[in-house]
Amino acid sequence: MIEIQNVRKSFGELEVLKGIDLTVQRGEVVTVIGGSGSGKSTLLTCINGLEAIDSGKILIDGIEVHARSTDLNKLRRKVGIVFQQWNAFPHLTVLENVTLAPRKVLGMPRADAAKIAEKQLRHVGLGDKLTTYPSRLSGGQQQRMAIARALAMSPDYMLFDEVTSALDPQLVGEVLETLKMLAEEGMTMICVTHEMGFARDVSDRVAFFHQGILAEIGAPDQIFVDPQHPETRKFLAAVR
Amino acid sequence: MFDYTFQWKQALNRLPQMLDGALVTMEIAILSMIMGIALAIVLTLLRLSGSRPLIAIATTWVEVARNTPALFQIYMAHFGVASFGIHFSPFVSILIGITFNNAGYLAENFRGALKAIPDTQARAGRSLGLSELQSFRYIIMPQMLRISFLPMTNQMVWAILMTSLGVTVGMNTDLYGVTQDLNALTFRTFELFALAAVIFYLITKTITLGGRLIAARLFRY
Amino acid sequence: MFDTALTVNDLIFLARGAGMTIIVTAISVVIGTLLGILFGVIRVQLGPILAAPLTFVLDIFRSVPLLIQLVLGNAFIGMVLQLQISGFTVACIVLSLYTSAYCAEIVRGGIDAVPEITRRAARSLGLTWGQDMRYIVLPLATRVALPSWIGLALGVMKDSALVYVVQVTELLKSTQILITRLQEPLFLLLICGAFYFIISFPLARFGGYLEKRWSND
């Protein structure tokens, strides 16, 4: 379970998270929508401990992410994250990209790591690209590789930060299919996205962020058909 | 006007000795490069450490290496340390001097290379659970070394050229030292040093061309 | 406190050495730069194939230790040509050629950095080759070349420490003479090193600053 309790975060003068409360249960898929600068991406990097928070608490399975005593490297094994920019490691082959963390973080022998990596890469449809360097892959393929890379750590939770935003339109579909597949397999996921169709199809709940506040959260049918908050209505009218 | 008669044969007779010297020259250059790269990585880490005293140490090293003559650095390694009662052999002194110089210049190259690697690379590593040092070791450093590969071959050429300075601290087994000793025996200064120049030229060209060939293969990704 | 046998006369001796370092450097950088511009322009004008012989000769200066160049220059002028000229002149000749080889490389890089399209546009406006060079290429190439040129000039100053081999007593040689006499190597070397550093460090910083500023716009 991920519990976010009254989290505040500022960059200098700008307060990007103004007291966020959100709880995500095991097996749940929550998508986060909202305009740019609404703080939704920042929230994900805070959950993963890549960003510090100013006040409040984030608990993952009861462990406080930003407590001094928390071993973040250990905690991150539980929580995979994939970014808008896929950040392929250009000097490593696709297989090596995926085996790096299992080998170096979990101390897995090379052969075992390769087995897991191959399985994950096949899972995302890259079973035939193992020895290729990322520069030879399309953006969509690189993004799927980044997903496999995170999955290879067998995380309990996955965070997706606008993973299709930097892709050419014709490549968006393949990545969304991969996310959908993960959702159907029961992975606990928080997805920040601009793809409303995807949010509607896949989510258990949809959260709407507006200017650092969680303005509204509910089942997809409620949010998309009968939004309560005026800003939600405005936002949905604009993106439609 | 050209009363001077060249006697190339005398010089050529000494070629085997000079080639032995060339091997010592390459040995010094290679050792000083290996240690220089290792130290430059350490200096880079110190500069990234965020600790003021460590950054100051690394910066001082780099700036002294880049802003004083290599010969001065070799003198420091030989005569300077003698003030502390330390007496290095010429071989050790020249090795320390060139290594110091290599490390300083390479650390500066590495700094430039780091600028070309996006911050998001390290962040991606951290997000997978790699520690800061692991991120550097497995993600940043390999890319840094590849980007710096051609500057490193340039520094290797410099290291070869710098070995000639060993003679100033009494080195006489390297190519320059051997040539100088032969000169004292035969006085065929022009011929002997011209031959040494040809050997130096061939060594440095081999490094430059070899470096380009290897780079073409390394940068396939 | 600190005990040294160093006298005022010794300091004057060191200052003379420093003066020699600066004079040799200044002469070599000026002549070397003029030659370097000439060689660089010739190389660009002739193209890689016709300029190959010049490229080859210049490359030698960058591939052979300066110490050997000085010894060879001295032997060639003294023993082969049998000319009676001073070590100072030999040092300046060799160091100038050495400088010109690196400078030609910088000049070529600077000219190559001016886009062909820009030059064609200039010529299409009716500018002559000379005018194109003067008003278009020169200002643009200078921006690319100046930071490297500063680095080169500082490099020549540091490398001028080697002219001791043709009996020119510059700063480092003066220091060494005093070391032999006074037996205070560390103290004397630190004075000597500080001199180089004080000249080189700010100028190198300035070059880095120019490079950063000009590459941003």
Side-chain angles (χ1 to χ4, degrees), chain A residues 44-51 71-94 96-108 131-137 142-143 145-155 158-161 166, chain B residues 34 37-38 40-42 44-45 48-51 106-107 109-153 211-221:
Chain A
L44 289 196
T45 43
C46 288
I47 293 174
N48 184 282
L50 287 168
E51 290 283 0
D71 180 353
L72 269 180
N73 294 331
K74 207 164 156 191
L75 191 69
R76 287 189 186 124
R77 294 175 205 168
K78 270 182 193 263
V79 190
I81 185 165
V82 181
F83 300 100
Q84 176 179 349
Q85 284 300 336
W86 37 87
N87 302 315
F89 303 138
H91 59 299
L92 302 177
T93 62
V94 168
E96 287 165 346
N97 258 274
V98 181
T99 54
L100 180 69
R103 285 178 56 208
K104 301 305 172 190
V105 178
L106 304 179
M108 220 181 259
T131 55
T132 310
Y133 282 97
S135 59
R136 296 286 167 88
L137 300 183
Q142 293 197 46
Q143 191 58 293
M145 183 196 82
I147 295 171
R149 192 167 71 183
L151 289 176
M153 295 295 283
S154 327
M158 284 293 293
L159 312 174
F160 294 97
D161 182 12
Chain B
I34 293 171
I37 291 170
I41 291 170
V42 173
T44 304
L45 283 172
L48 293 173
S49 68
S51 140
L106 289 172
N109 287 330
F110 289 170
R111 184 157 85 151
L114 285 182
K115 282 190 193 143
I117 303 171
D119 294 342
T120 52
Q121 285 280 312
R123 197 169 78 144
R126 301 303 307 278
S127 74
L128 289 169
L130 293 167
S131 69
E132 224 166 320
L133 212 57
Q134 282 178 320
S135 265
F136 182 80
R137 163 77 184 78
Y138 298 110
I139 296 167
I140 305 303
M141 194 176 80
Q143 298 185 54
M144 177 184 89
L145 291 177
R146 282 179 204 211
I147 296 171
S148 318
F149 186 77
L150 286 179
M152 279 198 271
T153 62
R212 275 190 212 151
L213 279 177
I214 295 171
R217 299 211 53 166
L218 267 185
F219 293 118
R220 267 183 313 176
Y221 69 76

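Letters A, B, ... mirror the listed sequences (proteins, then strands); counts begin at 1.
Between A:Leu50 and B:Arg123 there is a side-chain heavy-atom pair separated by less than 4.5 Å.
Put simply, CG on A:Leu72 and CZ on B:Arg126 are 7.5 Å apart, with the number rounded to the nearest 0.5 Å. In this structure, the separation between OG on B:Ser127 and CZ on A:Arg149 is 7.0 Å, given to the nearest 0.5 Å. A distance of 11.0 Å separates CH2 in A:Trp86 from OG1 in B:Thr120, rounded to the nearest 0.5 Å. Interatomic distance, CG of A:Asn73 versus OG of B:Ser135, reported as 8.5 Å (0.5 Å rounding).
Proximity to chain B is limited to the side chain of A:Thr45, based on heavy atoms less than 4.5 angstrom apart. Contacts between A:Asn48 and chain B at a heavy-atom distance below 4.5 Å involve the side chain alone, from C-beta outward. Contact of A:Phe83 with chain B is made through the side chain alone, with heavy-atom distances under 4.5 Å. Contact annotation for A:Val82: neither backbone nor side-chain heavy atoms come within less than 4.5 Å of a heavy atom of chain B. A:Ala88 touches chain B through its backbone: at least one of N, CA, C or O sits under 4.5 Å from a heavy atom, while the side chain does not.
Looking only at distances, no side-chain donor or acceptor of A:His91 sits under 3.5 Å from a matching main-chain atom of B:Met144. Between the side chain of B:Gln134 and the backbone N or O of A:Lys104 there is at least one donor-acceptor pair closer than 3.5 Å.
Across every non-hydrogen atom of A:Asn87 and B:Ala124, the tightest pair is CB-CB, 3.6 Å. Between A:Leu100 and B:Leu130, the shortest heavy-atom distance links the atoms CD2-CD1, 3.9 Å.
In terms of non-hydrogen atom pairs under 4.5 Å with chain B, the most contact-rich of A:Asp71, A:Val79, A:Ile81, A:Val105 is A:Val105.
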